[in-house]
Structure formats: structure tokens, C-alpha cells
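Some notes on the structure that comes next.
Just so you know, these numbers use all the heavy atoms, side chains as well, and skip hydrogens, waters and symmetry mates. Whatever order the structure lists them in is the order used to number ligands and atoms, beginning at 1.
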Amino acid sequence: MDRQSIFKKINRVIIKIGSKALADKDNISYDRIKFLATDIRRLRESGIECLLVSSGAILAGNEFFNFNLKRLNIIKKQAVSSLGQVKLMSYYIKAFSKKEINVSQLLLTNDIFNDRKRFLNTRAMILELLKMGIVPIINENDTVSIDEIMFGDNDILASKVAAMMDADLLILLTDIDGLYSNNPKTNKRAKLISSLDEESFDSQVINDSESQVSFGGMSSKINAALDVSKFGIPTIIANGKNKNVLKDIFSYKDVGTAIIPSSIKVGNRKKWIGMGPKSSGKLYLDSGAANAIVNNRKSLLPSGIVKIEGSFKKGQQVLCVSLKDNLPIARGLISYNSDETNLIKGKKSSEIQKILGYKYSDEIINRDNMVLMQTK
Ligand code: GLU
């Protein structure tokens with residue numbers, strides 16, 4: 001897929017705008033929100049459904065106080081965000097109503113992605129909002145989000161929403177022009193990268209060194225882009241401070257960096273497996289099994305498992321990693337619990353019945369219940 005072909009069929013787009021792009025010094029830029037309203041109206045007129053993920057609650061809340069945000073503890077930040085969220089929404093309501101668009105507020109926590117019922121319920125509700133012609137404005141529920149129900153940052157939240165809502169494109173708006181070949185602040189020869197294939201990313205490089213391909217929070221954007229790439233969704237990272245950014249993107253101008261997926265689109269259930277429930281255990285696979293899964297699109301059989309970690313029940317989500325290099329291979333819903341898996345690991349499927357006295361299936365994880373974490 002090349003950059004142009006991203007735009008062939010866009011029915012639904014998730015636009016995430018970060019605090020840095022929304023900020024005008026220490027305040028929210030109302031102008032920026034007005035530009036968003038204008039651009040989103042235009043997109044909707046061309047038949048594209050838009051969902052916004054907006055940061056800025058803490059920034060807006062701090063307009064009342066002027067705290068040094070870097071020094072605030074988590075409780076104070078949560079308190080500030082609760083004032084700021086309503087203020088932020090008041091800007092959105094004002095700007096969007098001038099364009100005759102109704103907006104709604106959705107404050108999410110990560111736990112909706114762990115439970116299939118809550119996930120489906122949230123999805124159905126958002127689809128209903130879209131049917132009603134409303135632009136949902138989504139943020140993390142900062143006031144209650146701590147520990148395991150936390151997204152961490154809105155790039156992750158936006159990627160999960162993009163996958164949940166079967167978006168055709170994810171746009172991450174920040175305060176820099178995109179991804180550079182090097183840090184443009186320190187290296188004059190750093191070049192803006194127009195597009196990159198999912199496969200050209202070396203996860204090792206991204207995780208280990210901010211400076212090689214990213215800087216200033218860019219790694220979380222790359223991770224978000226790679227997360228949705230696995231589901232066949234492209235991402236454009238661009239400068240949200242540029243007044244015309246959305247117009248330019250949809251006029252096929254070469255703005256920002258496009259991350260082009262090599263994976264094909266997968267169904268919604270598989271997306272949920274891939275992004276939703278937290279892994280309850282880990283299976284270490286030998287190279288034969290890793291190869292069969294990644295290259296031959298096979299199910300996981302007990303013979304390929306060398307060791308297991310964690311305690312899990314039948315049907316829970318586990319992570320498969322390669323024993324050789326500890327890199328993630330796939331996530332899947334397992335057909336046996338951890339005690340059973342321990343007994344049958346390394347054995348042939350024909351031996352399961354003899355070992356356990358029963359057999360649910362030949363596979364430990366059926367292909368239909370598995371999502372790859374690596375591309376070929
Ligand atoms: N939820 C935070 C806020 O609205 C922002 C988190 C982020 O930017 O990643 O202020």
C-alpha cells in the first residue's frame with residue numbers, strides 16, 4: 001500500500017489531538033479548536049465519520065491555577081483534570097455548535113478493553129452516536145484512572161478506539177511535523193519521513209533509543225501506529241499546530257508521516273483479542289512453532305511449547321513469545337488452563353487424551369482465536 005492508496009476508502013477516521021498541539025503557551029488555543037470544527041465539518045460533508053480523541057483536560061484545568069504541571073502529583077493532576085475537562089468541553093461545544101455539529105463527551109478507562117461484554121457495549125453506544133450524527137469527543141477518565149485501568153497516554157487510547165471502531169485511518173496530531181530520520185532539534189540534516197511501512201520498523205530501535213527514530217514522545221505515537229497497523233489501519237502523524245493540517249491531509253498533500261500497514265484488515269473479534277484483555281500468562285515457543293504461526297498461519301500445537309509462565313484459565317488471553325529472543329509472536333485465547341498446558345507442553349496432540357484423560361482440541365490456541373504480533 002502506498003501513501004495515496006490510504007485514501008481510497010475512508011469512511012471513518014479517528015483524529016487524536018494532543019495537549020501540545022492544543023496549547024497556546026499555558027492555555028488552550030480556542031482558535032485551534034475552531035479550525036478543528038471547520039475541518040471536521042468539511043470531512044463530514046464528504047461522508048467521512050469523525051471521532052475525536054482530545055487531550056487538554058489538565059492544561060485547561062490549570063488555566064484556573066497556573067501550577068507547574070511537571071511538579072504536580074497524580075492526585076492534584078486528577079483534581080485539575082476534573083475542572084479542566086468541563087472547560088475543555090465548553091470550548092468544543094461552542095466551536096462545533098457554530099458549525100452546527102453536536103458533540104458528546106466520552107471518558108474512558110482501559111478496563112472496557114479487558115472485558116468483551118463492556119467492549120461490545122461501548123462500541124455499540126459509539127456506533128449509535130455516529131448514527132445520530134454526533135461527533136464523540138473522547139478522553140481518558142483522568143479523575144479515576146490509576147494503575148491497571150489507565151491507558152497511560154492518549155496515543156494508546158486513540159489506537160484502541162481506532163481498532164475498536166474499525167477506523168480506516170488514525171491521525172495523531174502533535175506539535176511537530178512528523179517522524180524525522182534523526183532528532184531535528186540537534187541534527188540539521190534530519191529529514192521528515194513521508195511514509196514508512198510497518199515492516200520497516202525495528203521494534204528494538206524504537207524501544208531502545210528515542211534518538212534514532214524519534215524524540216519528544218514520538219515513541220508512543222509510533223507504538224500506537226504499529227498497534228493499529230497490525231489490524232490493517234494506517235496512521236498519519238502530523239503537526240496539529242498547522243491550521244490547515246486536516247485539509248492538507250485529505251487533499252493528499254505530503255504532510256506528516258504516514259505509517260502504512262502491511263497486515264490485512266482483521267475482524268473485530270480478533271482485534272479485541274489483540275488489543276483487549278491483559279495477558280494472563282506467557283507461552284515460550286520453539287522456533288518450529290514460531291515459524292508455523294508467523295509464516296504458515298497455523299494454529300499453536302502443544303508440541304511447540306517449551307515452557308509456560310503464569311496461571312491462567314481456559315479461554316483466557318495469553319501471550320506467545322519466542323524462546324530464542326523473547327520477542328512477542330502472537331496473542332490468543334487458550335483452549336487449556338495453565339495446569340493442563342504444563343502437562344501437555346512439548347507433547348504431540350495425539351497424546352493429549354492419554355495425558356489428561358480428555359481432550360478439548362488438538363490445538364492449544366486455534367488460529368481463529370489468535371492475533372499475530374509480528375509480521376513476516
Ligand atoms: N488525558 C490527559 C489530558 O486530557 C492527556 C493525556 C495525554 O496527552 O496523553 O490532559
Side-chain angles (χ1 to χ4, degrees), residues 14-30 32-33 36 51-93 95-96 103-113 122 135-164 170-176 179 206 210 214-228 235 237-241 245 275:
I14 311 292
I15 301 159
K16 182 257 168 176
I17 181 143
S19 303
K20 284 182 187 161
L22 277 175
D24 177 12
K25 296 201 183 79
D26 292 333
N27 295 314
I28 295 280
S29 158
Y30 180 62
R32 183 58 260 165
I33 292 182
L36 271 178
L51 292 93
L52 253 179
V53 173
S54 177
S55 304
I58 296 173
L59 187 70
N62 202 35
E63 290 180 5
F64 295 99
F65 304 107
N66 247 324
F67 290 134
N68 177 348
L69 287 179
K70 284 201 181 113
R71 294 229 186 118
L72 280 196
N73 65 30
I74 181 94
I75 299 286
K76 275 232 170 78
K77 272 194 186 154
Q78 289 178 312
V80 171
S81 78
S82 81
L83 277 92
Q85 183 61 34
V86 269
K87 189 156 186 194
L88 182 67
M89 284 311 293
S90 75
Y91 295 139
Y92 276 110
I93 292 168
F96 279 69
V103 294
S104 72
Q105 170 185 268
L106 271 74
L107 299 178
L108 302 183
T109 45
N110 201 14
D111 49 343
I112 59 156
F113 292 94
T122 308
V135 172
I137 300 188
I138 303 164
N139 196 356
E140 175 152 14
N141 192 349
D142 291 317
T143 52
V144 298
S145 269
I146 43 160
D147 302 334
E148 69 276 1
I149 64 164
M150 212 168 162
F151 288 102
D153 67 57
N154 275 0
D155 296 320
I156 312 256
L157 165 61
S159 71
K160 289 197 165 192
V161 171
M164 170 167 74
L170 170 65
I171 298 177
L172 299 175
L173 298 178
T174 180
D175 64 341
I176 45 172
L179 188 60
I206 296 161
E210 281 270 303
S214 64
F215 73 100
M218 203 39 107
S219 64
S220 89
K221 286 172 187 52
I222 296 167
N223 285 331
L226 291 179
D227 279 350
V228 294
T235 300
I237 302 171
N239 195 334
K241 289 219 177 262
V245 65
M275 69 172 165

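Polar contact check, Leu59 against ligand 1: no nitrogen or oxygen pair lies under 3.5 Å apart.
Below 30°, between 30° and 60°, or above 60°: for Phe67 and Phe65 the angle between ring planes is below 30°, a parallel geometry.
The closest heavy-atom contact to atom 4 (O) of ligand 1, among the options Asn139, Leu22, Leu69, comes from Asn139.
Here is the list of ligand 1 atoms found below 4.0 Å of a heavy atom in Asp153: 9 (O). For ligand 1, the atoms closer than 4.0 angstrom to any heavy atom of Ile58 are 3 (C), 10 (O). Close contacts between ligand 1 and Ser55 involve ligand atoms 4 (O), 5 (C), 7 (C), 8 (O) [criterion: under 4.0 Å to a heavy atom].
Dense packing is recorded around NZ of Lys87, with more than 12 heavy atoms of other residues, nucleotides or ligands lying under 6.0 Å away.
Of the protein's heavy atoms, Asn154 N, 2.8 Å lies nearest to atom 9 (O) of ligand 1. Given atom 1 (N) of ligand 1, the protein heavy atom at minimum distance is Asp142 OD2, 2.8 Å.
When side chains are defined from C-beta on, Thr143 does not count as touching Gln85, because their heavy atoms never get closer than 4.5 Å.
With sequence neighbours excluded, the residues forming a salt bridge (charged side-chain N to carboxylate O under 4.0 Å, His left out) with Asp155 are Lys16, Lys221, listed by chain and number.
In this structure, Gly56 counts as a contact residue of ligand 1, since one of its heavy atoms falls inside 4.0 Å of the ligand.
In this structure, the side chain of Asp24 does not engage the main chain of Asn27 through any donor-acceptor pair within 3.5 Å.
The two residues Ser55 and Leu88 have their closest heavy-atom pair at O-CD2, 3.4 Å.
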